[in-house]
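Predicted, not measured: the structure shown is a model, and the values here were computed from it.
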Amino acid sequence: MSTEQGDFAPDAGTEATNLLKRNSDDVGWEYGVLVDASNKDKVKCKLCDKEMRGGIHRLKEHLAHEGKNVKKCIARTPLAMEAKEKCKKALADAKRKREEKTVRELEIREEVHVSRVGTDSDEVTCVGSSQPHKLGLIDKWTRAIDPKATKSDSLKQQQLNKELWKERTNEVHKYIARWAYTHAIAFNACDNDEFKQMCEAIGQFGPGLVPPTQDALRGKLLEEEYERTKSLLQEREAEKMKNGCSIMTDAWSDRKRRSIMNLCTNCADGTSFISSKEMSHVSHTSEVIFDLVDKAIEEIGVDNVVQVVTDNTSNNMGAKRLLEEKRPHIFWTSCAAHTINLMLQGIGNMTRFKKVVDQAKAFTIFVYGHTRTLECLRYFTEGKEVVRPGVTRFASNFLTLSSIQEKKDQLRKMVVHSRWDSLKDVKSKKGKEATTILSPSFWKDMKLTLTVFEPLVKVLRLVDGDVRPSMGFLYGELLKAKRQIKEAFGNVEARFKDVIAIIDKKMNGRLDSSLHLTAYLLNPHYSYSGPSIFDQPKISEGFIVCVEKFYYHDEHMQHQAANIELKKFQNREGPFSKKLARTFENFDYNPTSWWRLYGYETPALQKMATRILSLTKSSSGCERNWSGFEGIHTKKRNRLTTTRLNKLVYIQFNSKLLSKREKIKSNKITDVLLSSDTTEAQGFLQEGGDDCALVDFRDEEEDEMEGTRIPWSVIGEAVGADEQLELLRSARVRELYAEEEFESEEEEYEDEDLCYSEDEI
């Protein structure tokens with residue numbers, strides 16, 4: 001392969017330019033380069049050729065005309081004005097992030113309160129600490145650093161103190177590191193707020209701290225932390241009583257067939273873990289699942305549970321029938337995330353789309369399978385990865401295809417470059433197959449594939465997050481997704497009918513129940529934007545069925561909601577007509593709050609709306625928090641009593657759920673579908689990698705033994721028919737290695753496309 005292929009051949013200066021440009025998305029590198037590739041500190045402005053030291057941060061100050069330690073850029077072109085504004089914004093954003101981080105660190109420290117005994121005047125205030133810290137004798141000859149000091153007469157003293165504290169901090173860090181290395185503590189554990197608070201508490205206590213004993217950790221301290229965790233969830237308990245909640249179930253098994261069943265709840269404030277139950281002695285029949293769910297309903301309160309969310313396997317559907325007989329007012333619905341993944345699976349298996357995914361996999365498997373090809377890839381993509389792991393295999397497909405599309409020009413330049421051509425591996429058959437990315441038809445089909453997948457992936461993001469209740473938006477967004485997919489095919493029925501047929505098949509009976517249709521009707525974002533919704537027979541029928549179930553055996557409330565109050569809502573009478581009520585036009589509005597504020601003249605309908613629109617539509621929050629179980633349900637911890645085990649899981653599970661929710665709300669998690677675990681992206685990394693996927697999306701209901709309502713899979717499990725087969729790791733059947741006591745937690749995932757210069761860190 002040669003570089004004579006027209007537009008894809010890079011010019012002679014490309015390699016030199018790449019060497020002088022850092023692998024960073026920092027805006028400063030649009031207007032500057034390194035003077036010397038071996039010196040990362042010296043940069044040159046491309047607008048005025050000014051050379052300076054201080055890295056990219058100093059260059060941005062130069063371009064933005066800010067800072068006292070650098071000359072202003074003398075260029076006065078439109079490009080220079082653009083650079084000035086961009087760099088000003090970048091500097092302001094960096095400053096704001098630093099300030100936010102500082103504030104957060106101080107908040108974490110201030111949450112720590114350790115009582116003091118025998119304090120005296122020989123104390124020095126630590127930097128960043130709200131409490132004095134008693135130091136050694138030598139420290140009496142120093143003073144604490146004043147971060148606000150700027151006078152020249154204190155500069156030398158400041159530097160001396162800084163070096164002293166830096167040296168002492170490093171000594172402490174060595175002990176922390178030694179403990180982490182010796183006992184296989186995950187490196188990302190030091191990023192947790194709890195670790196920082198522990199360090200602050202030890203610092204506040206001072207020398208002579210006696211560490212807790214094993215008995216204290218498994219006894220008194222465990223009980224105290226359990227009670228603390230419960231107190232953190234008190235607001236959610238109040239929300240459950242006010243607007244109701246959902247119950248979610250899930251189960252996993254290890255290689256020794258030991259089985260654990262999970263129970264979680266979800267309300268408008270997020271997901272909470274209730275308990276886990278060891279189920280090895282029984283099969284997961286409909287009766288067993290029903291009993292567990294029914295007990296959970298009793299504990300939470302019959303009037304506080306609106307729905308149960310599970311997948312569509314036959315044992316769950318059997319439990320649904322049993323629940324309807326005993327508690328006819330509680331809904332049982334299918335997990336929307338599971339169903340949408342089934343849609344993506346079905347569409348992805350269509351020949352046209354499967355071909356694109358397979359071609360993309362052939363390319364990534366080849367490139368990631370050889371050290372030199374991977375090095376070449378990272379050179380042309382400036383260090384950015386192509387494979388983007390997701391929380392499911394189908395999320396990984398979309399994210400990786402999107403990544404390839406974003407890097408289209410870089411990848412095409414790579415495979416026609418002499419650097420690629422000189423690699424021995426590219427001469428092989430698989431190497432030649434990898435060059436299919438040069439084919440115009442591949443990119444055309446890629447674009448169509450992404451255009452078809454994207455609307456469904458948007459809905460998946462909506463239901464997979466744990467910040468906003470999704471019930472009120474699910475059905476409307478699925479209809480929107482279908483319209484967008486039809487448009488992708490030019491609204492030609494012959495072209496889109498197979499794709500739409502797959503979506504309709506998966507929706508039927510799962511995502512178009514009376515509860516879904518009622519949520520769609522009672523969300524003014526859709527019903528006021530399209531008034532014809534009130535006249536659709538399917539919607540009206542679903543609403544009536546939902547009213548009868550919600551107000552079971554209460555004919556007065558049924559009459560009020562269906563025959564009187566719905567008409568007021570439809571005609572926008574009373575408070576519904578207020579100008580302020582138009583907030584529903586914004587997709588990001590809160591429909592529950594809207595009904596609470598404007599629905600006071602329609603109390604029966606208001607109660608329905610606030611409870612239904614507060615519901616989740618996904619049980620993924622219950623399914624994807626297995627690392628706590630993997631570290632707790634181990635051979636070396638089997639001495640824990642059941643009570644202690646449940647409390648330990650309760651603490652870990654709920655702490656992670658609370659932490660994840662806060663990260664999503666603060667935008668630290670930019671995409672809920674991204675994962676730091678590559679298990680679900682193995683299909684892009686090795687041949688047959690999809691067999692390693694954790695999630696097995698079972699589709700249709702399983703066959704049952706006639707007259708028993710027991711699935712054949714459960715019967716097979718009971719007689720040990722599958723014990724000689726390798727288990728499939730799934731969201732419902734987990735292969736956990738009981739021998740492994742130390743399971744590293746997943747590292748905090750930041751968007752891998754974001755690179756930070758050393759000056760900004």
Side-chain angles (χ1 to χ4, degrees), residues 108 111-115 183 185-186 189 192-202 205 209-241 245 247-252 260-267 269-279 292-293 295-301 304-305 466 621-634 636-663 736 741-743 745:
I108 291 172
E111 289 175 6
V112 178
H113 301 286
V114 177
S115 57
H183 298 283
I185 306 300
N192 296 334
D193 290 350
E194 293 80 8
F195 176 78
K196 296 173 183 177
Q197 289 180 330
M198 178 189 73
C199 292
E200 177 65 17
I202 294 172
F205 185 91
L209 172 67
V210 178
T213 63
Q214 291 188 40
D215 287 339
L217 284 172
R218 74 175 73 189
K220 179 188 175 199
L221 294 175
L222 178 63
E223 188 65 35
E224 290 176 354
E225 187 61 21
Y226 174 73
E227 292 300 326
R228 174 184 170 274
T229 305
K230 284 179 66 176
S231 69
L232 293 176
L233 299 173
Q234 281 303 310
E235 290 184 6
R236 296 188 180 183
E237 296 302 317
E239 176 63 25
K240 290 174 188 176
M241 296 179 66
C245 68
I247 290 180
M248 303 179 291
T249 67
D250 195 27
W252 60 270
I260 302 291
M261 176 72 77
N262 273 5
L263 284 172
C264 297
T265 64
N266 179 278
C267 63
D269 287 339
T271 300
S272 305
F273 173 80
I274 305 176
S275 65
S276 63
K277 184 175 179 62
E278 216 279 332
M279 301 276 292
L292 283 173
V293 171
K295 288 179 182 177
I297 292 173
E298 290 284 356
E299 291 176 7
I300 297 170
N304 298 331
V305 179
D466 190 32
C622 188
E623 295 174 0
R624 294 189 189 135
N625 290 276
W626 296 103
S627 56
F629 294 96
E630 294 174 12
I632 294 172
H633 290 279
T634 61
K636 294 183 180 181
R637 277 186 167 173
N638 61 9
R639 294 181 182 178
L640 285 174
T641 64
T642 302
T643 302
R644 287 173 178 167
L645 191 68
N646 282 332
K647 288 181 178 179
L648 192 54
V649 174
Y650 182 91
I651 293 168
Q652 287 197 12
F653 208 142
N654 282 313
S655 295
K656 289 184 179 181
L657 289 171
L658 289 168
S659 176
K660 179 183 176 183
R661 183 176 174 85
E662 286 303 314
K663 287 175 183 175
L736 303 182
E741 181 176 18
F742 303 111
E743 284 282 9
E745 292 186 13

**Report entry** Validation row: Asn262, Thr249 side chains within 4.5 angstrom (heavy atoms)
**Finding:** no
Query raised in the report: Do Gln214 and Arg218 have side-chain heavy atoms sitting under 4.5 Å apart?
Result: yes
Distance check, rounded to the nearest 0.5 Å: [X] atom [atom1] versus [Y] atom [atom2]?
| X | Y | atom1 | atom2 | result |
| --- | --- | --- | --- | --- |
| Asp269 | Gln234 | CG | CD | 12.0 Å |
| Lys240 | Asn304 | NZ | CG | 9.0 Å |
| Glu239 | Cys267 | CD | SG | 5.0 Å |
| Ile297 | Leu292 | CD1 | CG | 11.0 Å |
| Gln652 | Lys647 | CD | NZ | 15.5 Å |
| Phe653 | Cys264 | CZ | SG | 4.0 Å |

Where is the tightest heavy-atom contact between [X] and [Y], given as atom of each residue plus distance?
| X | Y | value |
| --- | --- | --- |
| Ile651 | Tyr226 | CD1-N, 3.6 Å |
| Leu209 | Ile202 | CD2-CG1, 3.7 Å |
| Ala189 | Ile185 | CB-CG2, 4.0 Å |

**Report entry** Pairing of Lys220 and Glu224 as salt bridge, 4.0 angstrom limit
**Finding:** yes
Query raised in the report: Please walk me through it: do Glu223 and Glu227 pass side-chain contact (heavy atoms from CB on, under 4.5 Å)?
Result: CA-CA 6 Å; Glu223 188 65 35; Glu227 292 300 326; 3.5 Å; yes
Report task. List the steps and the verdict of side-chain contact (heavy atoms from CB on, under 4.5 Å) for Phe273 and Leu263. Result -> CA-CA 6 Å; Phe273 173 80; Leu263 284 172; over 6 Å; no
Query raised in the report: Between Leu233 and Leu658, is a side-chain contact (heavy atoms from CB on, under 4.5 Å) present by the stated rule, with each step listed?
Result: CA-CA 9 Å; Leu233 299 173; Leu658 289 168; 4.1 Å; yes
Query raised in the report: So, Thr271 versus Asn266: side-chain donor-acceptor pair below 3.5 Å or not?
Result: yes
Requested in this report: Show your working on side-chain contact (heavy atoms from CB on, under 4.5 Å) between Leu232 and Arg228 and close with a plain yes or no.
Outcome: CA-CA 6 Å; Leu232 293 176; Arg228 174 184 170 274; 3.9 Å; yes
